[in-house]
> 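One structure coming up, written as structure tokens, with questions to follow.
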Amino acid sequence: MTRNIIIDTDPGQDDAVAILLALASPELNLLGICAVAGNVPLPLTSKNARIVCELAGRVDVPVFAGCAAPMARALVTAEHVHGKTGLDGISLPDPQMPLQDRHAVDFLIETLRREPPGTVTLCPLGPLTNIATAFTRAPDIVERVQQIVLMGGAYFEVGNITPAAEFNIYVDPEAAEIVFKSGVDLVVMPLDVTHGALATPARVAAFRQAGRVGPAVASWLEFFERFDTEKYGSEGGPLHDPTVIAWLLQPGLFTGRRINVEIETTGRWTSGMTVADWWGVSGREANALFMGKVEAQGFFDLLTNRIARL
Ligand code: BDR
Ligand code: CA
């Protein structure tokens, strides 16, 4: 049986690879892509999502533009990581496929009301603004969500955009708090996982050989990881967002714990921190399956084999 998913995203090179992995996987039925402001502003993320669909030859996938700014604060972007376009690394043609007329939040609400309860999984790869806005406007949809599998937060690795916070949660902590308190079955891929998924030179070289689309993936990764390899002194940059899709395909690649995770929204130095009770000291009820490790080579093998099919 295929699983219905909606990807909510701010592409971003790693978002783009996650979208490609979903498009290459017959186990998943991608109902639509919602763009949100994050790595770059909304006009670029909604354009980049369509560039990726066209690269994969999938102009049939509907792409919706969503929220242009976080719920309660000004947008923070990450051109220093992703480049001016958000998809720097290879120059691809402007998309011909149109954006859908509907707002992404309306698409989320209408789809969750239309499909049978418990049959749609949400895959957020960026700030949680669209999802939290939909939950706030239409609380009836919350219990209809099958699962949310998202990239965001950190425990041992703590932060990447500030010393205390991971980018996706930092950009819109108010939205993240709504999602983490929603009661939906949550699976979280934090930096602790993604910093174990390094795109080493050998792995990037394997992408370059992976069919028609592989060379674009290799070029994106070479651009995207320059920032992190300098910062961490590692032999490759972490590949964050595809871990979400990989978990849907091969959950056995990952290990983690069901724990309580609270979102810091007011901290002077710690805004956007995921306060993850890994050791169970708070007594608060678990609200997320917080992953801790990935079997990295298995993850890259899955990714390269699937990308080679496109
Ligand atoms: C997350 O932030 C973005 O820059 C990446 O696309 C990923 O979703 C990692 O912190
Ligand atoms: Ca992202």
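Just so you know, these numbers come straight off a predicted model, no measurement behind them. Both counts, for ligands and for their atoms, begin at 1 and track the order of listing. Starting from 1, each residue takes its place in the sequence as its number.
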> Considering only the protein, which heavy-atom contact is closest to atom 3 (C) of ligand 1, and what is its distance?
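Residue, atom and distance for the closest contact: Asn39 OD1, 3.1 Å.
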> Please determine which of Val120, Ile5, Asn4 meets the side chain to side chain contact (heavy atoms under 4.5 Å, CB included) test together with Asn29.
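Result: among Val120, Ile5, Asn4, Asn4 is the only option passing the side chain to side chain contact (heavy atoms under 4.5 Å, CB included) with Asn29.
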> Show, in sequence, the C-alpha distance, side-chain angles and deciding distance for Phe64 and His103, and conclude whether the ring-ring contact (aromatic ring centres under 6.0 Å, His included) test is met.
CA-CA 6 Å; Phe64 302 84; His103 193 282; 9.6 Å; no
> For Asp10, is at least one N or O under 3.5 Å away from an N or O on ligand 1?
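In this structure, Asp10 places no N or O atom under 3.5 Å from an N or O of ligand 1.
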> Report the part of Ile161 in contact with ligand 1, treating N, CA, C, O as backbone and CB onward as side chain, heavy atoms under 4.0 Å; options are side chain, backbone, both, neither.
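The answer is neither.
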> With distance as the sole test, does Gln250 use its side chain to make a donor-acceptor pair with the main-chain N or O of Phe299 at under 3.5 Å?
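No: the side chain of Gln250 does not pair with the backbone of Phe299.
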> Please state which protein non-hydrogen atom is closest to atom 8 (O) of ligand 1 and give its distance, to 0.1 Å?
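Here the nearest protein heavy atom works out to Asp241 OD1, 2.7 Å.
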> So, are Asp106 and Arg137 salt-bridged, with charged N and O less than 4.0 Å apart?
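Here Asp106 pairs with Arg137 in a salt bridge, since their nearest N and O are under 4.0 Å apart.
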> Among the N/O/S atoms of Asp241, select the one at the shortest distance from the Ca ion (ligand 2) and name it.
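Asp241's closest N, O or S atom to the Ca ion (ligand 2) is named OD2.
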> May I ask you to check if any N/O/S atom from Asp10 comes under 3.0 Å of the Ca ion (ligand 2)?
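A backbone or side-chain N, O or S atom of Asp10 is under 3.0 Å from the Ca ion (ligand 2).
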> Looking only at side-chain N and O atoms, does Thr45 offer a donor or acceptor that is under 3.5 Å from a partner on Asn48?
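No - no donor-acceptor pair under 3.5 Å links their side chains.
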> Per the side chain to side chain contact (heavy atoms under 4.5 Å, CB included) rule, which among Leu303, Ile245, Val52 passes with Val17?
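When Leu303, Ile245, Val52 are each tested with Val17, the side chain to side chain contact (heavy atoms under 4.5 Å, CB included) holds only for Leu303.
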> Is the Ca ion (ligand 2) less than 3.0 Å from an N/O/S atom of Gly12, whether that atom is in the backbone or a side chain?
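Of the N, O and S atoms in Gly12, none lies under 3.0 Å from the Ca ion (ligand 2), which means no.
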> Is it true that His82 lies under 4.0 Å from ligand 1, counting heavy atoms only?
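Per 4.0 Å heavy-atom rule, His82 contacts ligand 1.
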> Just by distance, with hydrogens left out, do Asp15 and Thr9 show a side-chain donor and acceptor under 3.5 Å apart?
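A donor-acceptor contact under 3.5 Å links the two side chains.
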> Who's the nearest protein heavy-atom neighbour of atom 9 (C) of ligand 1, and how far?
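Going by distance alone, atom 9 (C) of ligand 1 is nearest to Glu166 OE2, 3.2 Å.
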> What do you reckon, does Leu125 have a nitrogen or oxygen under 3.5 Å from a nitrogen or oxygen of ligand 1?
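The answer is yes, given that Leu125 and ligand 1 share an N or O pair closer than 3.5 Å.
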> Among Val40, Asp14, Thr194, whose heavy atom sits nearest atom 6 (O) of ligand 1?
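Residue with the shortest heavy-atom distance to the ligand atom: Asp14.
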> Give the numbers and elements of all ligand 1 atoms closer than 4.0 Å to a heavy atom of Asn160.
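Those qualifying, in numeric order: 9 (C), 10 (O).
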> Hey, is Arg203 close enough to Glu235 for a salt bridge, meaning N to O under 4.0 Å?
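No, Arg203 and Glu235 are not salt-bridged.
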